[in-house]
Amino acid sequence: MIQLLPQALLSGLSVGMIYVLAASGLTLVYGIMRLLNFAHGELYMLGGYIVFFLFEESGVPYVLSLLISMVAVGFLGVALERFFFRPFREEHDPSLMIALGLLILISGAALIAFGGGERGVRSLLPGTVSILRAKVSMDRLAVMAVAAAIMGALYLFLYKTRAGRGIRAVSQDAGAAAMNGIDVDRTIALGFGLSCALAAAAGALVTPIYFVSPFVGGPIVFKALVVIAVGGMGSLLGAVIAGIILGVVESVSFMFIGGMADAIGFLLLILILLFRPRGLMGRY
Amino acid sequence: MKRSMIAMVGVMILSFVLAHRTSAAEKVLEIGWMSALSGPAAEWGEAFKRIVDIQVEEYNAQGGILVGGERYKLKVIYEDDKFTADGGRAAAEKLVYQDKVKFILGSISSSAVLAQQKITEPNKVICMIDGQAKDQVSPNAPYSFRCLTGFREMTPAFGELLKERYPNLKKVAILNPNNDVGLDNQGFAPKMYRYFGLDVVLNELYPPATKDFATLLAKGLAAGAEVFDLGTSSVGSVFLMKKQLVELGFTGPTMNTASLPSEKFVQAVGAENVGNHFVFGYAEDPEHAPPKLLPIIEKYKQKHGSWFPVAARFPLFLDTLVRGIQAAGTVTDTAAIRDAIAKLQPFESAVGMAMWGGKETYGIDNQMYNTTQLLVYERGGRQVFAKSIPPERAKELATAIEGMK
């Protein structure tokens, strides 16, 4: 069994990076709006479809398709925030209901528009490599590298730019941020759009290794919720650590308990919350 | 002028009376239908509906069906069961209590069927069903006839094919989703492979929402698996497992029981990766296709542009029901019709010869055995005929395997 460990770790790392990307957007929105955006998975799904139609169906280069999907879904996010969430910003329950409503609306519209089947795209980098006797496809390595690069860019944006510092300030105290001259409305819109772009990036990145269908959003948002609860609500670093832990733990547990592997993530959540109710790095 | 006016009015009255008399004389037999028209399985439900539409159009074009000397036009009432237990129960309640139908085509989802039977069986409504759950064919459900073969009836053909085509392969890994049907197959499949002299080196369940199978597949490869049986996995899981097996360097035979949408399978997995994957379906080339299926494929293509291979499974439902009704000579006595359907043995269906059986496994002979065909994907994405076994052989194998300890 031990000889399978490198395979499980590598596999878990690639899955974990997807969890990180999906959860980072979710935790960013929670930080600035205290909102659990249940529709986050549907934006992940839209990112996948945009890449499918641009890259697979229209021959647009993959990287350009990925960027277009991030920008398009990011702008969609800005519009969703402006017209659906902003009017209820101070009211927690209506915002949750709106997020749930958007989930149903977007997935239903996707089913009508794209049909129910799974759609995949051709391999970006055919071939596999062996690392410590574990085999991993070039596509997966590319996904891990691009996901890491996006997370690095996100870190630089949040910590080294004026707009990013504005998002962090609003997430800490929106009132104080406003008194210091930060346009809270614009900052929240930017943060929400960024979160949606991250969801689209995750969806666009997994399409070459998995596939996209109108139903991929539900399971990923479920995992992302576990990740941000374990990592700490609103903590980006927490999402990174918890995402990788969850991916690896699920993958390793597959070796031993197969059919029950999914439950391990939730067992992990319960254990961590018992000892650290705010999660690994949580502030709220 | 006056006379011509009178003549015209006379002709109008006569035509009205004649038309009225014709519609009064024309009898209509209402049949319920339930399957998914929304949700993840809507594609299957739509294909099922399209086949029934084509069949009804044909029957009605011939003046309807002849039962006990009277002609009945067919009218189908379609209900969306969403492929769920709740949807199945709601659809059955509407069809039985509101529309008062005596016959239902579908459902084809195990959970919907088990829920609908709570309504249809006490009301003696004949249901032509599909779905893989073992309990849906049972002495407690004598009015339900499973018109398609499940894994018990189909997969022995794959075991036989392995013996013939790959006599040197000995080790099989079996993977099933962690649900009731997967659990059922986890018990059956090892017996089937042992019957054909193969060793089962891995027999695992996985969470149904799994996307990454690399660890599980690597476990099978480490155990020496030369064949991967992907069991009752969903279409999406099969796509992922096949793709990930190729990534791990495995190019040996693989098989699954669910019908795959061929074009999407090739697109999602990659034409260069789908080789050596076996599926159950029906060949479309004139040399191997069941002769009665070809005109249906042609008509489907004319109406809907392209053929959806999964649709080959559906003509049996209405055809078998109509045969039973005609044999019983009644449209109201469902007990007599049930007995007449059970006596249709063997008969030529749209997908070749068919017969009832299953008493040894299910306690009642309401399971259809029909000609089983295995198709294989070649590298490059083409799907070709691989093997066919007649229903008698499928029944013989299923019975022998079920009897093993």
- prompt: For the candidates A:Ser137, A:Pro214, A:Pro219, A:Ala134, which exhibits the highest count of non-hydrogen atom pairs separated by less than 4.5 Å from chain B?
  reply: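 With the most close heavy-atom pairs to chain B, the winner is A:Ser137.
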query: Most heavy-atom pairs under 4.5 angstrom with chain B, which of A:Arg140, A:Glu56, A:Gln7?
result: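 Heavy-atom pair counts peak at A:Arg140.
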Scan the side chains in residues 200-207 of chain B for donor-acceptor partners under 3.5 Å anywhere in the protein, sequence neighbours excluded, and list what turns up.
| residue | atom | partner | partner atom | Å |
| --- | --- | --- | --- | --- |
| B:Asn203 | ND2 | B:Gln186 | O | 3.0 |
| B:Glu204 | OE2 | B:Lys219 | NZ | 2.6 |
| B:Tyr206 | OH | B:Ser233 | OG | 2.7 |

- request: Could you check which of B:Asn178, B:Leu248, B:Asp212 has the highest count of heavy-atom pairs closer than 4.5 Å to chain A?
  value: B:Asp212
query: What residue in B:Gly182, B:Pro177, B:Ala218, B:Ser38 has the most heavy-atom pairs under 4.5 Å with chain A?
result: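 Going by pairs under 4.5 Å, I would pick B:Ala218.
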Return yes when atom [atom1] of [X] has more than 12 non-hydrogen atoms of other residues, nucleotides or ligands closer than 6.0 Å, and no otherwise.
X        : atom1 : result
B:Glu272 : CD    : yes
B:Lys171 : NZ    : no
A:Phe114 : CZ    : yes
A:Leu132 : CG    : no

Heavy-atom proximity to chain B below 4.5 Å, by part of [X]:
X        : result
A:Ser14  : side chain
A:Val15  : side chain
A:Glu250 : neither
A:Phe215 : side chain
A:Ser123 : neither

- request: Locate the shortest heavy-atom distance separating B:Ala222 from A:Leu4; write the atom from each residue and the value.
  value: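 The answer is CB-CD2, 3.9 Å.
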Beyond-backbone contact of A:Phe52 with B:Gln267, side-chain heavy atoms, under 4.5 angstrom: yes
What side-chain donor-acceptor pairs closer than 3.5 Å can you find for residues 234-245 of chain B, not counting sequence neighbours?
| residue | atom | partner | partner atom | Å |
| --- | --- | --- | --- | --- |
| B:Ser234 | OG | B:Ser237 | N | 3.3 |
| B:Ser234 | OG | B:Ser237 | OG | 3.2 |
| B:Lys242 | NZ | B:Thr254 | OG1 | 3.0 |
| B:Lys242 | NZ | B:Gly275 | O | 3.0 |
| B:Lys243 | NZ | A:Pro208 | O | 2.6 |
| B:Gln244 | OE1 | B:Phe213 | N | 2.6 |
| B:Gln244 | OE1 | B:Ala214 | N | 3.4 |
| B:Gln244 | NE2 | B:Lys211 | O | 2.9 |

task: Go through B:Thr210 and A:Phe254 one step at a time and tell me if the side-chain contact (heavy atoms from CB on, under 4.5 Å) criterion holds.
output: CA-CA 10 Å; B:Thr210 302; A:Phe254 234 148; 3.5 Å; yes
message: Using heavy-atom distances under 4.5 Å, tell me whether B:Glu43 contacts chain A through its side chain, its backbone, both, or neither.
response: side chain
message: Is B:Ala42 in contact with chain A via its backbone, its side chain, both, or neither, using a 4.5 Å heavy-atom distance?
response: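 Nothing of B:Ala42, per the 4.5 Å heavy-atom cut-off to chain A.
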field: Interatomic distance, A:Glu118 atom CD to B:Leu260 atom CG [nearest 0.5 angstrom]
entry: 10.0 Å
